[in-house]
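Here is the structure we will look at.
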Amino acid sequence: MTIRVANAPVNFGIYQPDSAPFTAPELLAALADAGYAGVDSGPIGYLDTGDTLRARLAETSLHLAGGWVDLRFTDEDGWSEDLAGLDAALDVFTAAEVDDPRFAPRPTLSLPADPERFARPGLALGGIEDWHGFARRLQATADRCRDRGLEAVYHHHLGTLVESEAEVDRVLDSTDVSLCLDTGHLYLAGGEPLAALRRWAPRVKQVHIKDGSRALTERSRDAGLDFDRLVAAGGFSVLGEGDLAPAETVAVLREIGYTGWVVVEQDAPATGRAPAALLADQRTNREVLRKAGL
């Protein structure tokens with residue numbers, strides 16, 4: 001098996017370690033029962049750390065797929081301060097058991113939200129003024145992860161200063177950092193995920209599979225909804241219910257010989273949705289991918 005499927009706490013609106021609709025053991029057991037092989041860390045500390053994390057993963061036969069770490073790559077002082085958080089995350093990732101190095105946890109790097117873009121997601125307003133400094137700090141961060149034995153991936157994201165295909169191209173051209181291709185974020189930023197998968201294949205070391213609707217995104221922007229409110233409005237749908245066809249994505253992953261984690265992400269709001277409904281969506285997402293060949 002060259003592809004494994006993971007889930008993520010973001011699908012349950014879990015953005016803080018102490019604010020979640022499920023305890024960590026409950027969530028891990030539910031994801032294992034739904035047929036997932038791995039899990040993203042979510043906010044560092046939610047799944048716990050060290051021996052407790054290893055025990056919880058072992059009890060459910062799940063593996064750690066990686067986890068999100070944003071750093072202020074556009075600001076030297078902010079980036080320097082944020083490295084402590086990166087190191088804490090790397091401590092968690094390196095402590096996890098790895099049964100196959102192809103599926104080691106991926107530190108998933110990104111920028112924090114940009115206020116202008118967060119308010120109008122997908123339009124790639126403005127941009128990074130000091131690209132050289134951004135690229136230098138991003139490269140240094142990826143090298144710091146490699147020094148710990150982990151290959152980081154950069155995650156383009158709606159509402160940040162790297163949204164569009166052109167901006168991802170520039171990241172790849174100016175660093176040797178690997179890529180986490182997120183189908184939903186790229187699509188809602190005007191990109192074409194299948195073509196991008198083929199074009200960026202040598203650099204893609206993790207995939208976040210999402211679905212979404214451009215029409216809904218445009219209506220949301222016209223109504224003045226920011227990224228959080230777009231998510232709350234259902235900006236990322238159950239796989240197969242938006243514009244993207246999961247089976248086509250899986251077919252391209254096979255075509256390019258992709259090896260690694262495919263992480264299901266259907267970003268959920270922090271409040272306002274019933275836990276049972278959130279879990280039902282993730283069971284459906286797993287079945288959709290199973291039917292697509294994963």
Side-chain angles (χ1 to χ4, degrees), residues 6-24 26-28 30-31 34 36 39-47 65-70 108 110-123 155-163 180 182-189 208-244 246 262-289:
N7 201 272
V10 70
N11 298 332
F12 300 89
I14 300 171
Y15 301 98
Q16 300 294 332
D18 56 355
S19 178
F22 299 98
T23 67
E26 288 171 341
L27 184 67
L28 293 174
L31 294 179
Y36 290 94
V39 63
D40 181 271
S41 70
I44 297 301
Y46 168 62
L47 298 180
W68 182 272
V69 187
D70 60 32
T108 308
S110 191
L111 281 162
D114 173 75
E116 184 179 19
R117 290 193 176 195
F118 190 85
R120 302 279 285 165
L123 296 182
H155 187 304
H156 53 95
H157 199 284
L158 290 176
T160 75
L161 289 171
V162 178
E163 284 186 316
C180 172
D182 186 301
T183 59
H185 280 281
L186 191 69
Y187 179 71
L188 296 185
H208 287 184
I209 190 165
K210 280 188 176 72
D211 204 346
S213 163
R214 280 183 180 163
L216 173 61
T217 302
E218 291 166 3
R219 290 197 301 272
S220 297
R221 282 199 303 261
D222 290 345
L225 303 187
D226 64 14
F227 177 75
D228 278 347
R229 294 169 71 191
L230 170 63
V231 169
F236 297 109
S237 65
V238 169
L239 295 178
E241 293 186 4
D243 298 343
L244 301 175
V262 166
V263 184
V264 173
E265 285 204 345
Q266 185 192 346
D267 299 10
T271 60
R273 289 203 60 197
L278 294 168
L279 182 56
D281 279 356
Q282 301 319 308
R283 290 184 177 277
T284 299
N285 285 334
R286 186 66 192 94
E287 185 58 27
V288 168
L289 290 181

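Looking only at distances, a side-chain donor or acceptor of E163 sits under 3.5 Å from a matching main-chain atom of G159. Between the side chain of H156 and the backbone N or O of V162 there is no donor-acceptor pair closer than 3.5 Å. No donor-acceptor pair under 3.5 Å is formed between the side chain of Y46 and the backbone N or O of P9. Between the side chain of S110 and the backbone N or O of H155, at least one donor-acceptor pair lies under 3.5 Å.
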Carefully, step by step, assess V264 and R286 under the rule side chain to side chain contact (heavy atoms under 4.5 Å, CB included). CA-CA 8 Å; V264 173; R286 186 66 192 94; 6.0 Å; no

Could you please spell out the steps behind the side chain to side chain contact (heavy atoms under 4.5 Å, CB included) verdict for L279 and F12? CA-CA 8 Å; L279 182 56; F12 300 89; 4.2 Å; yes

Do L47 and V39 pass the side chain to side chain contact (heavy atoms under 4.5 Å, CB included) test, and can you show the C-alpha distance, the side-chain angles, and the key distance before you say yes or no? CA-CA 10 Å; L47 298 180; V39 63; 4.0 Å; yes

F22 vs L28, side chain to side chain contact (heavy atoms under 4.5 Å, CB included): CA-CA, chis, key distance, verdict: CA-CA 9 Å; F22 299 98; L28 293 174; over 6 Å; no

CA sep, side-chain torsions, deciding dist, call: H157, D182, side chain to side chain donor-acceptor pair (under 3.5 Å): CA-CA 8 Å; H157 199 284; D182 186 301; over 6 Å; no

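Taking the side chain as every heavy atom from C-beta outward, P17 and I44 never approach each other to under 4.5 Å. Using a 4.5 Å heavy-atom cutoff, the side chains of S220 and R229 are not in contact. Between V288 and E241, the closest side-chain pair of non-hydrogen atoms is not below 4.5 Å. Looking at Y187 and D211, their side chains never come closer than 4.5 Å, going by heavy atoms from C-beta outward.
Here the shortest heavy-atom pairing between A65 and A6 reads CB-CB, 3.9 Å. The two atoms that bring P246 and L244 nearest to each other are CD-O, 3.4 Å, heavy atoms only. Across all non-hydrogen atoms, the minimal contact from L188 to R214 is CD2-N, 3.8 Å. Considering every non-hydrogen atom in both P21 and I14, the closest pair reads CD-CG1, 3.7 Å. Considering every non-hydrogen atom in both P121 and T217, the closest pair reads O-CG2, 4.4 Å. Closest approach of W68 to S41, counting heavy atoms only: N-OG, 4.4 Å.
The CZ atom of R221 sits 12.5 Å away from the CG atom of D226 when rounded to the nearest 0.5 Å. Distance check, rounded to the nearest 0.5 Å: NE2 of H185 to CD of E265 gives 6.5 Å. Within the model, atoms CG of L158 and CG of L123 stand 9.5 Å from one another, a figure rounded to the nearest 0.5 Å. In this structure, N7 CG and R283 CZ are separated by 11.0 Å, a value rounded to the nearest 0.5 Å. The OG1 atom of T160 sits 7.0 Å away from the CZ atom of R117 when rounded to the nearest 0.5 Å. T183 OG1 to F236 CZ: the interatomic distance, rounded to the nearest 0.5 Å, is 9.0 Å.
Between Q266 and the choices T284, N285, N11, the side chain to side chain donor-acceptor pair (under 3.5 Å) rule is met once, by N285.
Counted within 6.0 Å of CD on Q16, heavy atoms from surrounding residues, nucleotides or ligands total 12 or fewer; the atom is thus considered open.
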